[in-house]
Every structure is written in C-alpha cells, then in structure tokens.
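Chain naming here is simple, since letters A, B, ... match the order of the sequence lines and numbering starts at 1 in each.
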Number of protein chains: 2
Amino acid sequence: MLLAPREGALHVLVDKPLRGSAHLPWVSPRGGETLPTSARLLARRTAGAEPGWMEQLQAFGDQLKHPGSASVSVAYVGVISAPAADGRTARGAAWVPVAHAGLAGRHAAILESALDTMRVRLDHAPVAFKLLPPTFTLSELQRMYELLLGWTLHKASFRRSLQAAYLVEPTDEWRSEGRGRPAQLYRFAPRKRRQSRRGVRFDVLGH
Amino acid sequence: MLLAPREGALHVLVDKPLRGSAHLPWVSPRGGETLPTSARLLARRTAGAEPGWMEQLQAFGDQLKHPGSASVSVAYVGVISAPAADGRTARGAAWVPVAHAGLAGRHAAILESALDTMRVRLDHAPVAFKLLPPTFTLSELQRMYELLLGWTLHKASFRRSLQAAYLVEPTDEWRSEGRGRPAQLYRFAPRKRRQSRRGVRFDVLGH
DNA sequence: TCAATAGTGTCTGTTAGACATTATGGA
DNA sequence: TCCATAATGTCTAACAGACACTATTGA
C-alpha cells in the first residue's frame, strides 16, 4: 500500500477496475526476489517511483487451495514524496484521498492498519523527512507531520520536541513565502538517541 | 515463538536437535487452516497448551525455490501461563530462559523482535492478565509485568497507572503470603478506555 | 500601516519517579 | 518486639498544551 501527500491531503494508490470496487495493488513475486524487493518493484511499477520509506505490515492467510500449498498475502506500506508521486502511474492505478478511498471490507481494514503502523513509526523512523526536500522550514515539517497523522499539532510543543530529539539542524538560509516573516531552512541531521520512555502506560485494551 | 514465565524468568520454547544449534518450532500449514489456526495448533503440539495471547510478528521471505512458488515463513509470538507451560512438551522441545536461548543468527533476531512486539502490546492487550489466575495481588501483577518487560517498575507509579486505566477492581478477599501484611486480591475488570496519548514524541531513529 | 507568518517566553496541569510514612500480619 | 510486605501520601522534575508576545516580511 502506497501513501503520498498530495494537495494537502494524504492519498493512497488504488487500482480502479472498470467494474467492481477499488482495491490495493498486488503482485505475485517472481522467483529469486525477496519480499521487500518484490514490494519495491511493485511500487515502481504501479506508482512510477520507489518509496522513501517502506515497512511490512502483516501477512494474511488467503483461502488455501489444496493441502501443502499455502497461499499467503504479505502486505507492505510505503510512502512516496509529492514530486515523485507526480510521475505516471500504471494504467488503472490512481491516487485517491485516504478519506475517500472507497475500498471494500478487507482492504479498508488493511488501509486502517497501514495508517496506524505508519503513524507509530513516525516517531521512530524518518518517514516525514523522506517526503520533504533536503532543506525545509519547520512549518513545512509540521504540516507534513499533521498530514500524515491526520490531526493538528501544537506549534511550540512541536518545536520543543524537535529540539529535544536533536533531529534537525538549522542552515544559514531563509525563505520568504508570500506574506509573513521568512522562515529559516533546516536539514535533517539526527545527532542523538532519546533514551526510551520511562515507566509503564496502560492504554486502550482491545478487550 | 512461545513465551512463558517460569521460576521468575521469561522462558522461550525451543527445539533442541541432537546436533546443531537450537531453533524455534515451526510447521508447514496443512490445507484448510488459517494462519492463526496453524500457529495455535503448533503451540498445542509443541508446548502442550494454547497461548493465552498470540499475535503475528512478521513474514520472512525464505530462499525462493523456483519461479512462481514463493516460500514465506510467518512468525507468531504467544504467551503461555506458568501452570499451562508445566505440561508435557513435544520431544526435543524445551523451555529455556530467553537470556540463554542459544539461538543462531536469524532466529536470535526473531526472538528480539518478538520480545519488542510483546512488550509494546503489553499496554494495549491483556497479555499479563492472561498469565495470572482470575484473582491476584497487585504485587503479583507487577512482578508479571517486570518479568515480561525485563526491567523493574516503580511500585507507586505502577499502581497509579493501573488505577488511572481502570483495569482492575478489588475483591473483598485478602491473601497472606509468609511474613508481611496481607495483600488484597484484585480481578481483571477493564472499565474505560484511555484516550490516546497527546502530542508527538520523537524517539529513537533507526537512522 | 496592516495582515500574515515565524519564532519564542511564560504559565499551568499532568504525571513519573523518589522518598517517606503508615498499616498489618508472621516469626 | 522485630521484620517483611502492603498500601498510600507528598514532593519534585519533566513536559505537553495554552496563551501571549515579539520579529519580520509583503501587500
């Protein structure tokens, strides 16, 4: 499953057949390919670009055809930057906003799971940074996080967390966009590792 | 991969062949079985009991034999309570402490991944409660969490978090164990859902 | 001068962890 | 009486979010 930020909303790449509901792109791997390689090739073929970040989601056991020949689908989630996602997609494939993906039951659940996984990884892998150019303003970075997360963030808190994590360093360039005060450009430059969060939390129970 | 608390340490069930290094139990699913069913059957056959909690870890692409026939391993992690794990294991299978599992490269990495996943799920699924009897003292519960997590917790904080999450309710029974003041017995009785944690955190970056 | 955006200082409520204290039974 | 464990109250540092304010540009 491929995600991309486009026009201020998170989009997902779906196959739209002439009849029937939309579904996610898939492929049956050829011999000699590892799972991540197959997933990257599928991305290149359907979206015309390779994901900046990709991770395995889950394996699904499909209907088993006959004894001894198990059929398993392995789902991946990846993100593609806005410029890379502007290339040509495969025939029948289209970027649609995740809010209106129009996927049927099982595939809709996979999409939800993919979004959850991606949002959790946002704190541990440079997902958002792979979607931005090498230098960017902190407002651009925050907007990218908000787009991926699906909710808005507090500006001051966002910058404090960013500083505490030593993830970015300022360049000596500024950029003026339209009206207001110009913003300083930053680059991704992780320096330290935050020690793991302390304590235990008891959050939601899936019962 | 099956985990069980035994004698104050977290153990993992491994197959110990007569020669060569230990490895994790595995099975090639029969036709008509779903993935979770196969995993549960494997657990019952090797450990003599069904896991109280189980979840899929990851799929691994093995060597691909020939074009069109992909070979994929799907790893599961599950936990088995101490009494249930006292039953007879399959021939060649044995519970060993995770610190001395003696697994070879790839399987050692799977074990690490399984522990990470299980520890994350501890906050979202009643993993620890499935390993305890229906009523238990808060100290027993805390010791179970510490055993699963691999580190010690702060008693007062543990109880505050527990209360804030509305996970347990007291019974009107007490139990005296050896010397000190008797402990009140509690039962697992989740009442509420904690709303998701606020804000954004930028933790470790796997680069 | 006004509007819009960048960037920052301060305050407050929440919470994790440290520490201390009380409670209560067995040895 | 002493000791071990349960249970809880209080203090503090860290931090997220709210709010307000300054800074700096284009219209």
Under 4.0 Å between any heavy atoms, over every strand shown, what does A:Thr137 touch: base, sugar-phosphate, or nothing? Just pick one.
-> nothing
Starting at [atom1] of [X] and ending at [atom2] of [N], how long is that distance when rounded to a whole Å?
X	N	atom1	atom2	result
A:Phe136	C:dA6	CZ	P	14 Å
B:Asp123	C:dA16	CG	C1'	14 Å
A:Glu140	C:dT5	CD	C1'	13 Å
B:Arg159	C:dG17	CZ	C1'	15 Å
A:Gln142	C:dT5	CD	P	13 Å
A:Phe158	C:dT8	CZ	P	14 Å
B:Gln163	C:dA16	CD	P	12 Å
B:Tyr186	D:dA7	OH	C1'	8 Å

Between [options], which nucleotide gets closest to the side-chain atoms of [X]?
X	options	answer
B:His154	D:dG17, C:dC19, D:dT8	C:dC19
A:Pro182	D:dT24, C:dA6, C:dG9	D:dT24
B:Ser157	C:dA16, D:dA16, C:dG7	C:dA16

B:Arg160-B:Ser157 side chain donor-acceptor pair, cut-off 3.5 Å = yes
May I ask you to evaluate whether B:Ser176 reaches the phosphate of C:dG25, defined as a side-chain N or O under 4.0 Å from OP1 or OP2?
->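 For B:Ser176, the contact criterion (side-chain N or O under 4.0 Å from OP1 or OP2 of C:dG25) is not met.
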Can you name the one residue among A:Val127, A:Leu2, A:Leu10 that meets side chain to side chain contact (heavy atoms under 4.5 Å, CB included) with A:Val79?
-> A:Val127
Ignoring hydrogens and angles, answer whether the base of C:dA27 and the side-chain atoms of B:Arg179 contain a donor-acceptor pair closer than 3.5 Å.
->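 In this structure, the two groups form no donor-acceptor pair.
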Does a distance-only test, which skips hydrogens and angles, find a donor-acceptor pair under 3.5 Å between the side chain of A:Arg160 and the base of C:dG9?
->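 No.
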Looking only at heavy atoms, which two atoms of A:Ala128 and A:Leu141 are closest? And how far apart?
->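 For A:Ala128 and A:Leu141, the tightest heavy-atom pair comes out as CB-CD1, 4.4 Å.
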Check B:Gln56 against A:Gln58 and note the closest heavy-atom contact, atom names and distance.
->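 Distance-wise, the nearest heavy atoms are OE1-CG, 3.3 Å.
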Specify the residue among A:Gln184 and B:Arg181 whose closest nucleotide of DNA chain C lies further upstream toward the 5′ end.
->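 So the residue in question is A:Gln184.
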A:Arg159 side chain near A:Ser139 side chain, heavy-atom distance below 4.5 Å | yes
